[in-house]
Undergrad: 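Attaching a single structure in structure tokens format; questions to follow.
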Amino acid sequence: MVGYLLRRLFYATISVAAVSVLVFVITRVIGDPVKLMLPLEATEAQREQMRETLGLNDPLLVQFARFSWDALRGDFGNSLWQRVPALPLVIDRLPATFLLSFAAMGLAILFAVPLGVLAALRPRSLLDHACSLGSLAGMCVASNWLGLMFILVFAVNLGWFYTSGYGTLKHLVLPAVTLAAAPLGRITQIVRSSVLDELGRNYVTAARARGLSEQTVIMGHALKNAAIPIVTLSGWELSRLLAGFTVIVEVVFGWPGVGLLAMDAIRRQDLFLLQADVFVVGVLVVALNLLIDMTYGWFDPRIRLT
Amino acid sequence: MATTLRDLRLADARVEPAERVAERKFPALHALRELLADLVSDRVALVGAIGFLIVLLLAATAPYTADQYTKQNLRMRLSPPALTIDGEFNYHYLLGTDQLGRPILDRIIHGSRVSLLVGLGVVSVTGLFGTVLGLLAGYFGGRVDTLIMRWIDIQTAFPGLLVALTLLIMLGPSLQNMMFALMINGWMIFARIVRGVTLSLREEVFVKAARVIGASDLRIVFAHLLPNLVSPILTIAVMELARIILAEAALSFLGMGIQPPESSWGLMLSDGRDYMAKAWWLVTFPGVAIGLSVLFINMVAGWLRSVTDPQQRFKKASKEA
């Protein structure tokens with residue numbers, strides 16, 4: 001078990017290193033930071049001076065060594081926009097992103113599990129069809145559009161919630177529901193199919209034959225065994241949210257998380273802030289994947305051996 | 001008169017059904033026809049396929065039918081959906097106009113060209129690249145396999161959208177750069193699935209037999225493995241097409257994709273955002289266009305999965321019985 005964990009941790013470290021290499025390659029080799037950061041009318045002398053101060057005239061390997069060393073110490077340079085170190089700015093935004101994505105995942109699981117179980121109990125019933133249709137709709141809708149529609153209906157016309165911002169439950173509901181739509185659909189489907197699979201197995205028949213109540217059979221036996229794919233998928237959905245979907249929802253609702261910060265950094269051509277942001281989100285996603293890998297073994301002892 | 005076994009055999013040979021003759025003579029054509037028959041019998045898939053064909057048709061004919069997509073008409077700005085203009089029927093204004101008086105319908109139809117171009121372009125490249133890597137990993141195994149799988153694992157952990165945004169800000173937002181950014185992140189799923197299927201095919205008798213009679217690796221890959229890989233690859237490609245269309249809408253929405261005055265569904269959403277409270281049609285219809293196209297594609301994908309996956313196929317057959 002310890003060996004397995006260490007190996008996973010080692011791969012996770014490689015993944016983080018790969019993210020920083022990619023960021024380095026994109027920002028220093030493929031693109032020209034000076035062109036991005038200086039206005040168009042800057043003279044060649046000014047550009048040269050900036051190259052010199054940023055150390056962009058050094059060989060790539062030297063630059064990369066410096067970049068990695070700074071990254072290891074958590075130093076991503078100063079934000080050009082706010083003139084303070086970039087990394088703390090990103091860290092400050094983390095709680096908002098966590099709140100939003102956990103709220104969305106919580107909502108999705110809270111509704112997906114009962115809906116999926118009910119659909120599995122009565123396959124091809126009206127409820128089952130409604131669930132499949134709803135899931136499909138949730139997966140097909142563009143989250144930026146869904147967010148805008150929610151704002152239009154519930155914030156502008158009905159005035160139940162705020163259009164944007166951060167702080168109260170009234171701010172949180174619309175972005176969380178928007179973000180939850182796609183995972184809700186996918187998790188409902190996986191709950192339905194895995195519970196349906198379990199219900200056809202012998203141990204369920206045996207439990208029924210022993211005279212256990214239907215509730216115990218479903219909640220205590222079938223759902224418990226169906227938990228592995230559900231938990232795995234949920235973890236994977238959460239990492240998908242963090243890796244991209246929160247960015248869109250945060251921009252739509254002006255939610256001050258790491259995604260909105262990344263977009264602000266892009267708008268203000270603040271390369272160092274953007275780098276720090278991508279790095280932090282990369283570490284988050286890698287850490288989450290590590291966590292998912294570990295829960296495999298926890299939920300299914302058979303996997304621990306390998 | 002007593003019927004002998006020989007008579008029966010003769011009779012059987014004489015009335016070989018036309019279907020079976022076709023199957024014997026043109027196996028590929030026959031498979032295609034069977035697939036089409038299956039499609040027609042599955043109502044959901046049929047709706048999806050017809051819907052997608054309509055989207056394709058609209059995209060193809062856009063220069064003729066939706067020719068006013070950049071035509072500004074400030075007198076008509078933000079006018080609501082209407083059938084007639086100055087008392088005359090004019091379909092261009094069916095879905096209203098935007099803040100510059102450009103007809104929404106025309107802009108949506110032109111937007112479909114971008115979505116399909118990006119979607120099909122990206123998926124064909126990622127599909128090819130992913131298939132090649134998946135075949136290499138699955139067929140040769142060993143060190144090659146470990147290396148490729150490690151690469152896939154590492155890249156799967158990347159925050160895809162943020163990396164794409166970083167790339168686009170460095171290269172400058174444009175259609176080509178957006179497609180490039182989306183390609184980087186889309187090949188892994190193809191490689192993973194192709195590797196999995198190849199691993200199991202490699203142990204099949206027909207592959208082993210081919211090797212025993214001295215077939216080259218290339219021949220085994222092209223003659224024996226690829227034909228069996230067509231359906232899983234096709235299924236993922238269709239699902240990826242839906243995902244890429246959504247991703248394009250997201251990138252253009254964030255201002256990192258298609259640039260004005262060109263039209264894209266994501267761009268229309270971000271343009272219409274400021275006028276949303278006054279003019280609901282600006283954001284509503286492009287979103288419906290995205291949702292419907294993705295829905296049609298997913299309907300076809302669901303059907304493709306059910307016909308190509310033997311396990312699903314069995315379920316379907318038992319449901320019908």
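Each chain gets a letter, A, B and so on, in the order the sequences are listed, and its residues count up from 1.
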Undergrad: For residues 242-252 of chain B, give me every residue with a non-hydrogen atom less than 4.5 Å from any non-hydrogen atom of chain A.
TA: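 Only B/Leu246, B/Ala249, B/Ala250 of residues 242-252 of chain B have a heavy atom under 4.5 Å from chain A.
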Undergrad: Could you please state which residues from residues 270-278 of chain B sit under 4.5 angstrom from chain A, measuring non-hydrogen atom to non-hydrogen atom, sorted by number, or 'none'?
TA: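 So the qualifying residues are B/Arg273, B/Met276, B/Ala277.
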Undergrad: Any salt bridge (charged side-chain N to carboxylate O under 4.0 Å, His left out) pairs touching residues 290-304 of chain B, not counting sequence neighbours?
TA: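 Every pair satisfying salt bridge (charged side-chain N to carboxylate O under 4.0 Å, His left out) with a residue in residues 290-304 of chain B: there are none.
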Undergrad: A/Val251 versus chain B, heavy atoms under 4.5 Å apart: side chain, backbone, both or neither?
TA: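 Contact with chain B involves both backbone and side-chain atoms of A/Val251.
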Undergrad: Please determine, among A/Val286, A/Leu148, A/Val156, A/Asn289, the option with the most heavy-atom pairs under 4.5 Å with chain B.
TA: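 Top count of heavy-atom pairs under 4.5 Å with chain B: A/Leu148.
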Undergrad: Atom CG in B/Leu167, atom CG in A/Leu22: separation rounded to 0.5 Å?
TA: 8.0 Å
Undergrad: Side-chain contact test, heavy atoms from C-beta onward, threshold under 4.5 Å: evaluate it for B/Asp153 versus A/Tyr11 and give yes or no.
TA: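 They are not in contact (no side-chain heavy atoms under 4.5 Å apart), so the answer is no.
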Undergrad: Kindly give the heavy-atom pair with the smallest separation between A/Ala243 and B/Phe158, and that separation in Å.
TA: CB-O, 4.4 Å
Undergrad: B/Leu254 versus chain A, heavy atoms under 4.5 Å apart: side chain, backbone, both or neither?
TA: both
Undergrad: How would you list all residue pairs meeting side-chain hydrogen bond (donor to acceptor under 3.5 Å, both in side chains) that involve residues 106-115 of chain B, not counting sequence neighbours?
TA: B/His92-B/Asp106
Undergrad: Can you say whether A/Ala262 sits under 4.5 Å from chain B via the side chain, the backbone, both, or neither, judging by heavy atoms?
TA: side chain
Undergrad: Which bit of A/Val16 comes within less than 4.5 Å of chain B, counting heavy atoms only: side chain, backbone, both or neither?
TA: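 Contact with chain B: none, neither part.
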Undergrad: Tell me, out of A/Val281, A/Leu146, A/Asn144, A/Val19, who's got the most heavy-atom pairs with chain B below 4.5 Å.
TA: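 Heavy-atom pairs under 4.5 Å are most numerous for A/Asn144.
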Undergrad: Under the side chain to side chain contact (heavy atoms under 4.5 Å, CB included) rule, what do A/Leu271 and B/Met170 come out as? Steps first, then yes or no, please.
TA: CA-CA 9 Å; A/Leu271 187 63; B/Met170 295 313 299; 3.6 Å; yes
Undergrad: Quick one: are B/Thr166 and A/Gln275 in side-chain contact, heavy atoms under 4.5 Å?
TA: no
Undergrad: Restricting to non-hydrogen atoms, name the atom on B/Ile169 and the atom on A/Ile266 that form the minimum distance, rounded to 0.1 Å.
TA: CD1-CG2, 3.5 Å
Undergrad: Might you point out which heavy atoms bring A/Trp145 and B/Gly287 nearest each other, and give the distance in Å?
TA: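 Taking every non-hydrogen atom into account, CD1-CA, 3.2 Å.
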